[in-house]
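Notes follow the structure.
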Amino acid sequence: MAKIRVHELAKELEKENKDIIAALQKIGIEGKSHMSSVEDEVAEKLRAMFGAKKSAKSVTGKEPEGEAQTRKQEAVPEKETQKAEPVTEKQEE
């Protein structure tokens, strides 16, 4: 059985560590810190509690290629196409 750390699960669910620890305590599991580990079954319960679907990244540890490519394209800002005026130096007379 694989385990996941509280801080990794919090990052995946876009929550704070303390929110995950509080949810663990609600279901009767002791989680002391962000470095605590939880079993996959517990992680699935937490994902369900927070309304998250298990992503392909969390299953394989890698992001699907299509999503990675889309994310790269979104990160690149569009360049403005303005022509620069030529720089001329003033000659001293």
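Numbering of residues begins at 1 and proceeds along the displayed sequence. For the numbers below, each heavy atom of this structure counts, side chains included, while hydrogens, waters and symmetry mates do not. Please read all numbers here as calculations on a predicted model, not as lab measurements.
For E8 (side chain) and R5 (main-chain N/O), a donor-acceptor pair under 3.5 Å exists by modelled atom type.
Here the closest non-hydrogen pair linking E39 and A2 is OE1-O, 3.7 Å. Of all non-hydrogen atoms in G31 and Q25, the two that sit nearest each other are O-NE2, 4.3 Å.
For the atom pair OG of S36 and NE2 of H7, the computed distance is 10.0 Å after rounding to the nearest 0.5 Å.
Other cluster members for M49: I4, V6, L9, L13, I20, I21, L24, I27, I29, V38, V42, L46, F50, joined by side-chain heavy-atom distances under 4.5 Å among Ile, Leu, Val, Met, Phe, Trp and Tyr.
By the 4.5 Å heavy-atom criterion applied to side chains, K18 and H34 are not counted as neighbours.
Remark: E41 CD is packed, more than 12 non-hydrogen atoms of other residues, nucleotides or ligands lying under 6.0 Å away.
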